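Reviewing the structure listed below.
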Amino acid sequence: MAGSSTTTTNLHRRHRYHHYILLLLLPCLQFAFHLVDGGGIPTTLDGPFTPATRAFDRSLRQGSEDVPLSDPRLAPRGRPSSPEQIALAASADPDSLWVSWVTGRAKVGSHLTPLDPAAVRSEVWYGERPSSPSGHPHPHVATGSAEVYSQLYPYPGLLNYTSGVIHHVRLVNLTPATRYYYRCGDSSLDGGLSDERSFRTLPAPAPDAYPRRVAVVGDLGLTGNSTSTVDHLARNDPSLVLMVGDMTYANQYLTTGGKGVPCFSCSFPDAPIRESYQPRWDGWGRFMEPLTSRIPMMVIEGNHEMEPQGHGGAVTFASYSARFAVPSEESGSHSKFYYSFDAGGIHFIMLGAYVDYNRTGAQYSWLEKDLQRVDREVTPWVVASWHSPWYNSYSSHYQEFECMRQQMEGLLYQHGVDIVFSGHVHAYERMNRVFNYTLDTCGPVYITIGDGGNIEKIDIDHANDPGKCPSPGDNTPEFGGVCHLNFTSGPAKGRFCWERQPEWSAFRESSFGHGILEVVNSTYALWTWHRNQDTYGEDSVGDQIYIVRQPDECLVQSTSVTSLDCPSSGCPYSPLSSSPGCGEE
């Protein structure tokens with residue numbers, strides 16, 4: 001699986017040549033000067049990089065207790081009819097946008113009667129100018145749908161939950177890259193409309209128009225560390241947020257509430273089911289509202305959103321499915337577990353790691369069609385996200401989603417996906433360009449950004465650390481099969497783990513933080529990882545690199561490529577044991 005890290009002299013020369021030509025073609029001379037002479041920020045053309053690990057500051061593993069629901073930032077606001085937990089989400093195209101919010105009060109108890117979603121209107125009043133002091137309404141109004149969901153546990157002593165009314169309204173025929181002002185709620189009720197908020201629509205698809213900044217965060221939760229992450233993220237003023245799964249960690253609680261724990265099974269070994277305390281979702285929505293009511297946040301499910309309920313956990317993802325509006329219908333997926341959307345010259349793909357990802361399944365078929373529709377002359381960049389990383393050198397979740405990689409990696413490589421963001425591992429790691437565990441200048445740049453600050457704390461052990469290599473029976477995914485494998489070539493030949501940091505791992509560090517992607521033009525994008533402990537300024541970053549596309553060298557391929565295709569010398573990996581086939585549950 002692992003190819004040699006030696007790069008030929010000719011390859012270096014070709015990279016330097018491309019680097020020079022691309023700099024000459026940059027439309028922004030100030031940017032070109034900064035790249036050549038201003039700060040020494042490396043580019044992916046300088047890679048592959050020698051693997052590096054920054055030592056962990058163990059003092060930063062403290063202070064991960066959850067913020068209590070009594071905190072004013074998490075408490076209910078106003079009257080039950082007043083909208084709260086207001087959140088925006090992009091639609092498939094920038095001329096439309098979703099607005100979501102919650103009214104009414106959620107309930108916790110044994111025998112609950114759900115609220116009636118038809119008893120309250122779902123309206124968004126909006127326009128390109130603020131409303132007048134006299135209260136003159138905005139010129140446009142859009143209506144949508146409303147729903148409630150329940151989390152039910154048919155076990156003695158466990159409490160049930162039924163939500164407030166969750167509203168979703170899609171605004172259409174908007175002008176891209178334009179500021180709008182809006183109020184949401186029910187105009188027929190006294191105090192039924194929210195205060196006025198505003199948002200700016202994303203730019204239209206074009207090779208010379210991009211969101212100003214895209215924030216990327218994962219495994220957030222709601223601890224003191226989480227609040228620092230969100231505060232720093234908001235200070236960076238993004239125009240779009242990617243949330244790569246594991247949002248509230250409501251399933252670190254019993255249904256009766258109390259105190260959240262870092263390990264549910266350790267603290268509650270006799271629990272009849274993986275419980276959750278759903279009011280944590282409401283507190284999280286209130287805390288996030290100052291950010292999400294003005295900036296679109298695009299989510300994808302993680303394992304902590306599964307939240308099984310009913311007999312044997314037959315029902316899952318109820319909260320995730322009800323609370324978030326995503327452009328699944330507009331992008332043709334018809335599933336909230338995977339979808340796509342455009343933001344200027346970037347095509348974003350959000351994939352589901354906890355639904356069928358086999359080549360014979362609906363998600364794979366949709367992904368193939370979605371990638372085929374991408375016009376790289378209009379949206380040069382393709383950025384994919386899902387929760388569980390394929391490339392990961394930490395002990396936690398090591399090779400956990402190897403089955404998904406084997407099923408889908410070839411399709412992403414064939415269509416030249418540029419960047420992949422994942423979470424799940426509570427640490428930061430950026431890879432060298434890689435395909436099928438082999439350094440490849442046309443492979444995506446994989447980045448793990450699961451360091452949002454949740455109650456489970458930071459991951460600090462690496463699979464290559466002495467005594468820290470997981471056994472083949474560890475790291476079984478909560479969905480899908482087990483495809484753990486040994487390396488059969490390269491420095492790790494014959495072993496499950498490397499004895500040093502793998503060559504495809506460029507940089508890793510165990511610290512809380514978030515990332516910012518700034519696409520400059522059709523070939524250059526600046527990626528910056530911000531650590532929470534840093535003083536925020538131009539010179540205070542945890543990791544920074546220009547990701548450079550090479551469209552002339554890395555052409556989209558017309559024929560399929562899979563991670564299971566073997567060279568004449570044989571496949572570069574072999575199964576460890578007679579595990580279930582990839583994708584089998």
Side-chain angles (χ1 to χ4, degrees), residues 86-101 124-129 138-144 168-182 184 197-216 236-244 291-300 324-334 336 338-351 366 369-385 417-419 421 516-522 525:
I86 303 171
L88 307 177
S91 187
D93 298 303
D95 60 357
S96 58
L97 179 137
W98 286 96
V99 183
S100 302
W101 67 96
V124 177
W125 295 81
Y126 65 101
E128 295 185 27
R129 295 182 179 179
H138 294 294
H140 308 291
V141 61
T143 60
H168 301 299
V169 175
R170 185 182 176 215
L171 311 184
V172 297
N173 298 320
L174 303 175
T175 303
T178 300
R179 180 157 298 280
Y180 284 86
Y181 299 83
Y182 74 98
C184 61
R197 316 293 176 95
S198 73
F199 63 84
R200 184 175 177 84
T201 50
L202 295 168
D208 56 355
Y210 296 94
R212 183 180 63 262
R213 296 186 188 95
V214 179
V216 189
N236 275 327
D237 192 25
S239 47
L240 177 68
V241 177
L242 298 185
M243 180 74 66
V244 294
L291 177 70
T292 60
S293 62
R294 61 185 180 88
I295 298 169
M297 180 179 71
M298 309 308 293
V299 302
I300 199 64
F324 297 108
V326 298
S328 53
E329 298 297 323
E330 303 100 278
S331 62
S333 82
H334 309 292
K336 286 192 172 183
Y338 51 93
Y339 60 91
S340 66
F341 64 99
D342 291 331
I346 312 172
H347 182 69
F348 288 97
I349 300 173
M350 311 293 279
L351 295 179
W366 168 83
K369 293 174 183 176
D370 187 82
L371 287 168
Q372 290 171 349
R373 287 193 295 264
V374 175
D375 183 352
R376 303 302 277 265
E377 297 296 321
V378 178
T379 52
W381 290 86
V382 177
V383 175
S385 298
V417 170
D418 301 295
I419 307 171
F421 294 114
I516 294 290
L517 180 69
E518 301 173 81
V519 177
V520 179
N521 56 29
S522 62

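Only a predicted model underlies this, so the values are computations on that prediction, with no experimental measurement involved.
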CA sep, side-chain torsions, deciding dist, call: I419, L517, side chain to side chain contact (heavy atoms under 4.5 Å, CB included):
CA-CA 10 Å; I419 307 171; L517 180 69; 4.0 Å; yes
Between H168 and S100, is the side-chain hydrogen bond (donor to acceptor under 3.5 Å, both in side chains) condition met? List the steps.
CA-CA 5 Å; H168 301 299; S100 302; 2.6 Å; yes
Could you please spell out the steps behind the side chain to side chain contact (heavy atoms under 4.5 Å, CB included) verdict for M298 and Y339?
CA-CA 10 Å; M298 309 308 293; Y339 60 91; 3.8 Å; yes
Start with the C-alpha distance between D375 and H347, add both sets of side-chain angles, then the distance that settles side chain to side chain contact (heavy atoms under 4.5 Å, CB included), and finish with yes or no.
CA-CA 9 Å; D375 183 352; H347 182 69; over 6 Å; no
Can you check side chain to side chain contact (heavy atoms under 4.5 Å, CB included) on Y126 and V99, steps first, answer last?
CA-CA 11 Å; Y126 65 101; V99 183; over 6 Å; no
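Between P380 and Y210 the shortest side-chain heavy-atom distance falls below 4.5 Å. Contact of the V382 side chain with the I349 side chain is registered, since non-hydrogen atoms from C-beta on lie closer than 4.5 Å. Put simply, the side chain of V214 does not reach to within 4.5 Å of the side chain of V383, judged on heavy atoms. Between P327 and S96, every side-chain heavy-atom pair lies at or beyond the 4.5 Å cut-off. The side-chain heavy atoms of F341 and L240, taken from C-beta on, include a pair separated by under 4.5 Å. Between T175 and E128, some side-chain heavy-atom pair lies under the 4.5 Å cut-off. With contacts defined as side-chain heavy-atom distances shorter than 4.5 Å, the pair Y181/H138 qualifies. Side-chain contact between P211 and P203 is present, with heavy atoms from C-beta onward closer than 4.5 Å.
To the nearest 0.5 angstrom, S385 atom OG is 8.5 Å from I300 atom CD1. Put simply, CZ on R294 and CZ on R179 are 9.0 Å apart, with the number rounded to the nearest 0.5 Å. Atoms CG and OG, from L88 and S293 in turn, are 6.5 Å apart once rounded to the nearest 0.5 Å. Separating the OH atom in Y182 from the OG atom in S198 is a distance of 8.0 Å, to the nearest 0.5 Å. Put simply, CZ on F324 and CE on M243 are 7.5 Å apart, with the number rounded to the nearest 0.5 Å.
Across every non-hydrogen atom of A90 and L202, the tightest pair is CB-CD1, 3.9 Å. Shortest non-hydrogen contact noted between N521 and W381 is O-NE1, 2.9 Å. The two residues E330 and A92 have their closest heavy-atom pair at CB-CB, 3.5 Å. The minimum heavy-atom distance linking A177 with T201 is given by the pair N-OG1, 2.9 Å. The shortest non-hydrogen separation linking A89 to L97 is O-CG, 3.6 Å. Considering all non-hydrogen atoms of both residues, T379 and G344 come closest at CG2-O, 3.6 Å.
Annotation: W366 is in aromatic contact with Y338 [ring centroid separation under 6.0 Å].
Scanning for salt bridge (Lys or Arg N to Asp or Glu O under 4.0 Å) contacts around R373 gives D370, with sequence neighbours left out. D95 is linked by a side-chain hydrogen bond (donor to acceptor under 3.5 Å, both in side chains) to nothing, counting only residues two or more places apart in sequence or in another chain.
A donor-acceptor pair under 3.5 Å links the side-chain atoms of R213 to the main chain of N236, judged by distance alone. In this structure, the side chain of K336 does not engage the main chain of S328 through any donor-acceptor pair within 3.5 Å. A donor-acceptor pair is defined here as one N or O able to donate and one able to accept, closer than 3.5 Å; no such pair exists between the side chain of T292 and the backbone of M297. In this structure, the side chain of W98 does not engage the main chain of P296 through any donor-acceptor pair within 3.5 Å.
By the neighbour-count criterion of 12 heavy atoms within 6.0 Å, atom CD of E377 is sparsely surrounded, having that number or fewer from other residues, nucleotides or ligands.
Tested against F199 for a side-chain contact (heavy atoms from CB on, under 4.5 Å), the candidates L171, I295, T178 yield a single pass: L171.
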